[in-house]
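Shown next, in structure tokens, is the structure this report addresses.
Order of appearance sets the numbers: ligands from 1, and atoms from 1 within every ligand.
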Amino acid sequence: MHVAVIGSGYVGLVAGACLAETGNDVICVDKDREKIARLQKNEIPIYEPGLEPMVQRNQAEGRLTFTTDIAAAVKSARVIFIAVGTPPGEDGSADLQHVLGVAREIGRHMNEPKIVVTKSTVPVGTAEKVRAAVKSETKIDFAVCSNPEFLKEGAAIEDFMRPDRVVIGVDTEEAKSVMGELYSAFTRQGGNRIIFMDIASAEVTKYAANAMLATRISFMNQMALFCELVGADVHNVRLGIGSDQRIGRAFLYPGPGYGGSCFPKDVKAIIRTADDLGLSLDVLKSVEAVNECQKLVVLEKVKRYLGADLKGKAVGIWGLAFKAETDDMRESPTIPLIEGLLAAGAKVQAHDPKATDSARAIFGDRVMYAADPYSAAHGADALLLMTEWLVYRNPDFERLLKLLRRPLLVDGRNLYDPTRLKALGFEYHGIGRGGR
Ligand SMILES: NC(=O)c1ccc[n+]([C@@H]2O[C@H](COP(=O)([O-])OP(=O)(O)OC[C@H]3O[C@@H](n4cnc5c(N)ncnc54)[C@H](O)[C@@H]3O)[C@@H](O)[C@H]2O)c1
């Protein structure tokens, strides 16, 4: 099938590569000329495991091409995915200017009937706005679909190739059949996991999924605070409740607050949509408020143990990205942490296996970027574990003890065993692990 994907970021690039991998002819479009030039040379602008060889292979075999020419891409495609960004506007609502701008361009270049699919995360009602925007530019017949994306950064290829489910909102039989054909390659194993529904429900499903996951995180972060006050260990509580099948194990990990390009903006956007309709989503407003506080929990711990004035203190940080296996720094909890440390006068020396370049774009030279984890700990008065990268899971603790000026370790991801770390001589503090 001939497919165009407009927007070649985390979602568009992964979707385009995976659709090419299953035999389709895919043109990925972006307005960013530099990004497209790099992609044409097989240089991948983001870090995503497995993506680079997939792009190389499909480009070499002629199924995947990159262009800035949206007109040519639209003309050649039967199915057009819109995968551009939907950043939060000033009032928290999703900014649809890129989505609707692309929709008008699609209309302008439409040469025969097509299926226009919103893959970007967009508020309920957007597909109808896309329909109107395309229609304003063409007389040719077309269908719109909502196909929200559920991939996780860091496991994006795996998620796209073997999805738990594919949600497709359609209102014509033809669109249903074409989309079903396109996705059948990814859902052959384990029964049919394509869920067709009406367009509005598909749009709401994406926000409901992210809002639920964010709710679980904020819930566990509050349980962690409670555990600290009563001398309980949230690690045990998590094991205890996660084994209940009604609750399940996923997304029950307390930490330094959720971040990334999706949860914060999507929670904000659904709150805003409901507010506009006169419904206050109070659960989600609390989820957001709890998360804002949680992003400062590690900073508060540092100040509790080292004092509010951090002049003359050095602080090592392991992990900058908002989660492991990505270089994405968007809304990472390390941003308010580092800003707080710098404002209090600390010297910050940080390490991340992949996100150093993204971090440099934010902090510039105000942070020292260490080439390896141990250099970040050298001479530090505290070491803060912020991202659960594999490389931090089992470090040489004896070596760390020698490198640190003070053996204070704040484990923002509860990666380590408190008993073992204390026995080794660390002043160990996790999140919600008995005592403050
Ligand atoms: N990142 C994720 O994990 C994830 C997961 C699921 C859904 N989503 C959603 O998918 C959408 C895209 O997210 P992303 O993380 O890929 O964003 P991104 O910022 O990485 O990529 C968006 C791309 O679109 C391009 N673009 C913008 N306007 C354009 C235009 N007019 N023509 C051509 N290209 C244009 C940008 O240059 C950029 O390369 C968002 O709505 C997001 O909420 C993201």
Side-chain angles (χ1 to χ4, degrees), residues 4-18 27-39 44-49 51 66-74 80-89 93-109 117-123 126-127 130 133 146-160 163-167 202-203 205-211 213-214 258-270 321-332 358 361:
V5 181
I6 322 283
S8 306
Y10 281 88
V11 168
L13 185 53
V14 168
C18 292
I27 305 184
C28 282
V29 183
D30 207 285
K31 64 176 183 183
D32 182 337
R33 288 180 183 282
E34 195 193 319
K35 189 179 269 190
I36 291 298
R38 288 183 63 189
L39 284 165
I44 311 298
I46 53 169
Y47 174 71
E48 190 58 52
L51 182 57
F66 294 98
T67 182
T68 53
D69 184 355
I70 187 167
V74 167
I80 304 162
F81 286 91
I82 304 178
V84 296
T86 46
S93 63
D95 181 348
L96 293 179
Q97 60 165 316
H98 303 295
V99 169
L100 297 179
V102 167
R104 281 190 294 275
E105 288 232 51
I106 293 172
R108 221 166 286 148
H109 303 299
V117 185
T118 43
K119 186 156 258 322
S120 302
T121 301
V122 288
T126 302
V130 166
S146 164
N147 171 220
E149 182 51 58
F150 297 98
L151 63 76
K152 300 182 287 295
E153 284 181 19
I157 297 287
E158 175 65 19
D159 286 348
F160 201 98
D164 290 339
R165 47 52 186 107
V166 175
V167 169
E203 290 174 328
T205 299
K206 174 64 193 178
Y207 283 95
N210 277 357
L213 295 172
Y258 61 76
S261 68
C262 292
F263 288 2
K265 91 172 162 59
D266 294 350
V267 169
K268 264 192 183 50
I270 191 171
F322 82 96
K323 67 172 181 177
E325 299 296 333
T326 181
D327 60 348
D328 200 340
M329 284 290 296
R330 288 180 282 184
E331 301 278 335
S332 173
S358 324

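- A salt bridge links E153 with R330: the closest approach of a Lys/Arg side-chain nitrogen to an acidic carboxylate oxygen falls below 4.0 angstrom.
- Under the side chain to side chain donor-acceptor pair (under 3.5 Å) criterion, K265 pairs with T86, sequence neighbours left out.
- Applying the ring-ring contact (aromatic ring centres under 6.0 Å, His included) criterion to Y47, with sequence neighbours excluded, gives no partner residue.
- F150 pairs with exactly one of D164, T121, T205 by the side-chain contact (heavy atoms from CB on, under 4.5 Å) rule, that one being T205.
- Closest approach of K152 to E48, counting heavy atoms only: O-OE2, 4.2 Å.
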What does the N/O contact table under 3.5 Å look like for ligand 1?
unit_1: ligand 1; atom_1: 1 (N); unit_2: E153; atom_2: OE2; d: 2.8
unit_1: ligand 1; atom_1: 1 (N); unit_2: S261; atom_2: OG; d: 3.4
unit_1: ligand 1; atom_1: 3 (O); unit_2: E153; atom_2: OE2; d: 3.3
unit_1: ligand 1; atom_1: 15 (O); unit_2: R330; atom_2: NH2; d: 3.2
unit_1: ligand 1; atom_1: 16 (O); unit_2: Y10; atom_2: N; d: 3.0
unit_1: ligand 1; atom_1: 16 (O); unit_2: V11; atom_2: N; d: 2.9
unit_1: ligand 1; atom_1: 20 (O); unit_2: Y10; atom_2: N; d: 3.3
unit_1: ligand 1; atom_1: 34 (N); unit_2: K31; atom_2: N; d: 3.3
unit_1: ligand 1; atom_1: 37 (O); unit_2: D30; atom_2: OD1; d: 2.6
unit_1: ligand 1; atom_1: 39 (O); unit_2: D30; atom_2: OD1; d: 3.4
unit_1: ligand 1; atom_1: 39 (O); unit_2: D30; atom_2: OD2; d: 2.6
unit_1: ligand 1; atom_1: 39 (O); unit_2: K35; atom_2: NZ; d: 2.6
unit_1: ligand 1; atom_1: 41 (O); unit_2: T86; atom_2: OG1; d: 2.5
unit_1: ligand 1; atom_1: 41 (O); unit_2: T121; atom_2: N; d: 2.9
unit_1: ligand 1; atom_1: 43 (O); unit_2: T121; atom_2: OG1; d: 3.4
unit_1: ligand 1; atom_1: 43 (O); unit_2: K265; atom_2: NZ; d: 2.5

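- In this structure, the side chain to side chain donor-acceptor pair (under 3.5 Å) partners of D266, at least two apart in sequence or on a different chain, are N210.
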